[in-house]
Amino acid sequence: MIGRRSVLVAAATAALVAGGFMVAPAKAGQDILIGGGSVTGVYYQVALNVCNLLNKYSGDKYNCVGRPALGSVFNIRAVKRTLLDFGVAQSDRNFEAFRGQGDWQGKPMEDLRSVFSMHPETVLLVTRADSGINSVPDLKSNTINIGNPGSGQRGNAEDVLRLYGIDKDNDIEPQGLQQQEASRALIDKKIDAFFYTVGNPSAAIEEPANSTDIKIIPINSAEIQSFVDERPYYVMTEIPAGTYKGVDENVETYAVTATVVTSASASEEMVYDLVKTVFENLEELRTTHAAFRVLEPKAMLKGLTAPFHPGAEKYYKERGWK
Ligand code: GLU
């Protein structure tokens, strides 16, 4: 009887695991929590796949969990409060946090520490083909998702609107949905467009692209170009034609870099182990998401504002990269 029961339990467990309903049983090791973004974005993939590598290659030393979170601003704040060990965050938000600007006006986060950079992220403005929106000024009088509070894209949306002379509170109907809801809301015509700052390709744009006809609106006015020129963490770029279904021409916009950050209070050994695991298995990490194919050690040590955490610095020195 016992034998049969174990077989049944094993079969049920296998079914649950296969269905994605169960996480691997917790190991005895130290817990590490990495905060990402929306489930349909790329930050969550960073958190998940970095954790997968650490769990796979660190024996029982760590039990790393990558989880969805609210995005850059939330992650930087949560790292400060040690609610997260690591957070994924945009390079522009790091700059503001460390220097005491934007959401951190007058309150610089001096204990913010850099770990490494990841993939480039573009500032995207996505609408339905039938919305009548063909340029940023056409957003006026429409319902636009500017990003949930705590996200990195919310600041980018506010910058773009301001630089195009659009008053967020009077000229548009702003929404603060999380991205997984915003993608659905665009399909369901509950919103007319959304801003999202994300690595490409992102499921958050593939979803509307595959279920309705979409357009990606260029963000490239002279004001945007000088704004980008004046800031070290921005660069003008293009989303190549064919990245998303129905978008058959290159679309000009600007980009930031996704980064992994922590706090000065994080243990040197933990940060060292995570960094070493990532760089020793970079080939494998590159295969886990299309946005990670471009990852190269040289670029991953650039685009960061806060000083490197000593655990990261130790590894980079050993490799002769610093
Ligand atoms: N850049 C977005 C943010 O900071 C998140 C994008 C993603 O989840 O990939 O909030």
Side-chain angles (χ1 to χ4, degrees), residues 34-51 66-80 84 86-98 101-104 109 112 114-126 145-160 175-184 194-208 216 219 231 233-235 237 239 243-244 253-262 285 288-295 303-306:
I34 307 185
S38 158
V39 282
T40 57
V42 183
Y43 283 13
Y44 181 45
Q45 298 299 322
V46 174
L48 270 183
N49 290 300
V50 167
C51 275
R67 50 158 309 159
L70 297 178
S72 296
V73 175
F74 172 87
N75 290 344
I76 293 172
R77 291 203 169 122
V79 155
K80 179 168 181 64
L84 292 173
F86 299 91
V88 191
Q90 291 177 200
S91 48
D92 50 354
R93 301 292 92 91
N94 288 340
F95 185 95
E96 291 174 343
F98 193 69
Q101 299 174 7
D103 284 299
W104 293 266
M109 181 176 161
L112 183 66
S114 298
V115 183
F116 46 75
S117 285
M118 286 288 297
H119 55 283
E121 303 186 84
T122 50
V123 180
L124 288 152
L125 175 57
V126 181
N145 197 62
I146 60 168
N148 60 285
S151 71
Q153 63 266 17
R154 196 169 168 101
N156 301 126
E158 288 173 349
D159 287 338
V160 171
Q175 297 283 314
L177 303 174
Q178 287 186 40
Q179 189 53 42
Q180 69 276 15
E181 302 170 90
S183 300
R184 274 266 118 219
F194 63 73
F195 282 95
Y196 193 28
T197 305
V198 71
N200 296 300
S202 161
I205 293 133
E206 284 169 343
E207 192 189 350
I216 303 179
I219 304 176
R231 287 163 179 77
Y233 39 81
Y234 290 141
V235 45
T237 188
I239 299 150
T243 303
Y244 296 105
T253 183
Y254 66 106
V256 294
T257 305
T259 71
V260 173
V261 296
T262 188
L285 183 63
T288 59
H289 192 279
F292 304 159
R293 276 186 213 138
V294 296
L295 296 179
L304 298 150
T305 306

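This is a predicted model, so every value here is computed, not measured. Counting convention: from 1, in listed order, for ligands and their atoms alike.
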Under 4.0 Å, heavy atoms only, figure out whether ligand 1 is touched by the backbone of Tyr44, its side chain, both or neither. neither
Sidechain-backbone polar pair: Asn75 side chain, Ala89 backbone, donor-acceptor under 3.5 Å: no
Relative to the heavy atoms of Ser72, which atoms of ligand 1 are at a distance of less than 4.0 Å? 3 (C), 4 (O), 10 (O)
Go through Asn200 and Thr243 one step at a time and tell me if the side-chain hydrogen bond (donor to acceptor under 3.5 Å, both in side chains) criterion holds. CA-CA 7 Å; Asn200 296 300; Thr243 303; over 6 Å; no
Closest heavy-atom pair and its distance - Tyr254, Asn156: OH-O, 3.9 Å
Regarding Glu121 and Tyr43, do their side chains bring together a donor and an acceptor under 3.5 Å, going by distance alone? yes
Of the backbone atoms (N, CA, C, O) and the side-chain heavy atoms from C-beta on, which set of Glu121 has a member under 4.0 Å from an atom of ligand 1: side chain, backbone, both, or neither? side chain
When you compare the side chains of Gln180 and Ser38, does any donor N or O come within less than 3.5 Å of an acceptor on the partner? yes
Using a 4.0 Å cutoff against the non-hydrogen atoms of Gly71, which atoms of ligand 1 qualify? 10 (O)
Is ligand 1 less than 4.0 angstrom away from at least one heavy atom of Phe74? no
Please identify which atoms of ligand 1 are closer than 4.0 Å to at least one heavy atom of Thr197. 1 (N), 2 (C), 5 (C), 6 (C)
Check each atom of ligand 1 against the heavy atoms of Val42 and keep those under 4.0 Å away; list them by number with element. 7 (C), 8 (O), 9 (O)
Could you name each residue pair satisfying salt bridge (Lys or Arg N to Asp or Glu O under 4.0 Å) that touches residues 197-207, not counting sequence neighbours? Arg184-Glu207
I need the atoms of ligand 1 closer than 4.0 Å to a non-hydrogen atom of Gly152, numbered in the order shown. 3 (C), 4 (O), 10 (O)
Only counting residues at least two apart or in another chain, list the ones meeting side chain to side chain contact (heavy atoms under 4.5 Å, CB included) with Arg67. Leu33
List every atom of ligand 1 that sits less than 4.0 Å from any heavy atom of Gln153, numbering the atoms from 1 in the order shown and giving each element. 2 (C), 3 (C), 10 (O)
Atom indices of ligand 1 within 4.0 angstrom of Ser151 heavy atoms, with elements: 10 (O)
